[in-house]
Amino acid sequence: MRIDILTLFPEIMEGSFSASIMKRAQEKGYAEIHLHNIRDYSTNKHKKVDDYQYGGGAGMVMAIEPIAAVIEKLKTERLYDEIIYMSPDGVVLDQAICNQFSVVNNLMILCGHYKGVDERVREHYITKEISIGSYVLSGGELAAAVLVDAVVRLIPGVLNDETSALTDSFQDNLLSPPVYTRPPEFNGWKVPDVLLSGDFNKIDKWREEQALERTKQRRPDLLE
Ligand code: ADE
């Protein structure tokens, strides 16, 4: 999968793509992540990318010309499955949406800043608007990093058996059961006996019960 991210602040995202699973996914060729600085496409002599909003009001708006220039250029190079705008007024991201994105070839993601982008960008170029939750970030970059991480780890081959996405929370609409590692006792706090029993049928059953119980208590909405 190829992912092109359009941003005014590529440095916000660089770290999250250069370690751990995101790094390995790129090294192994499962994902190609390209960051494009929108400012590089400004034809203004001061490299201006924003302007006052028509009708007045506080806050600058990202202008359409440099954004259109990057999008048009990329669109001549390949066909994009989706052109996503990260925005608090988009559809709230969930595991089902991540699963859908994980099987496409080319994604483009636009990160907004300031008061947002000129509405004509959203009307004419954007195919999906995604929010990562009901709160406002300073820009779309952290939200885009969240989306990319959640999608790339689902690309077949990115995770090995040990980190398989099949046992993730949410993959079956259940939260994950609790996990433990050595020592079996710390400060008098014990690992549940069943996990040390060696009886894998019992362990599976215990995990299922715990997952269900945890979901009932913490996220009953997932069971509806
Ligand atoms: N940009 C600012 N806030 C955001 C949010 N909650 N989700 C996605 N993009 C955003």
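Both counts, for ligands and for their atoms, begin at 1 and track the order of listing.
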* Asked: Counting from 1, what ligand 1 atoms have a heavy atom of I130 closer than 4.0 Å?
  -> 8 (C)
* For residues K75 and M108, determine if any side-chain heavy atom of one lies less than 4.5 Å from a side-chain heavy atom of the other. => yes
* **Residue part near ligand 1, for S87, under 4.0 Å between non-hydrogen atoms** => backbone
* Heavy atom under 4.0 Å from ligand 1: found in A143's side chain, backbone, both, or neither? -> side chain
* Asked: Is I130 close to I97 at the side-chain level, that is, under 4.5 Å between some pair of heavy atoms?
  -> yes
* Starting from atom 10 (C) of ligand 1, which protein heavy atom do you reach first, and at what distance in Å? -> P88 CD, 3.6 Å
* Nearest non-hydrogen protein atom, atom 7 (N) of ligand 1 -> I132 N, 3.0 Å
* Would you say G139 touches ligand 1, if touching means a heavy atom closer than 4.0 Å? -> yes
* To do: Give a yes-or-no answer on whether the side chains of Y80 and D4 include a donor-acceptor pair shorter than 3.5 Å.
  => yes
* Asked: With a 4.5 Å limit on heavy-atom distance, are the side chains of Y30 and V152 in contact?
  -> no
* Structure fact -> The atoms of ligand 1 lying under 4.0 Å from a heavy atom of G133, numbered in the order shown, are 6 (N)
* Indicate whether the side chain of E65 and that of Y41 have a donor and an acceptor atom separated by less than 3.5 Å. => no
* How far is atom 3 (N) of ligand 1 from its nearest protein heavy atom, and which residue and atom name does that atom have? -> L137 N, 3.0 Å
* Test salt bridge (Lys or Arg N to Asp or Glu O under 4.0 Å) on D89 and R122 and set out the steps. => CA-CA 12 Å; D89 47 19; R122 298 167 73 162; 2.8 Å; yes
* To do: Answer yes or no: are there more than 12 heavy-atom neighbours, outside K48 itself, under 6.0 Å from its atom NZ?
  => yes
* Structure fact -> Closest to atom 6 (N) of ligand 1 among protein heavy atoms sits Y135 O, 2.8 Å
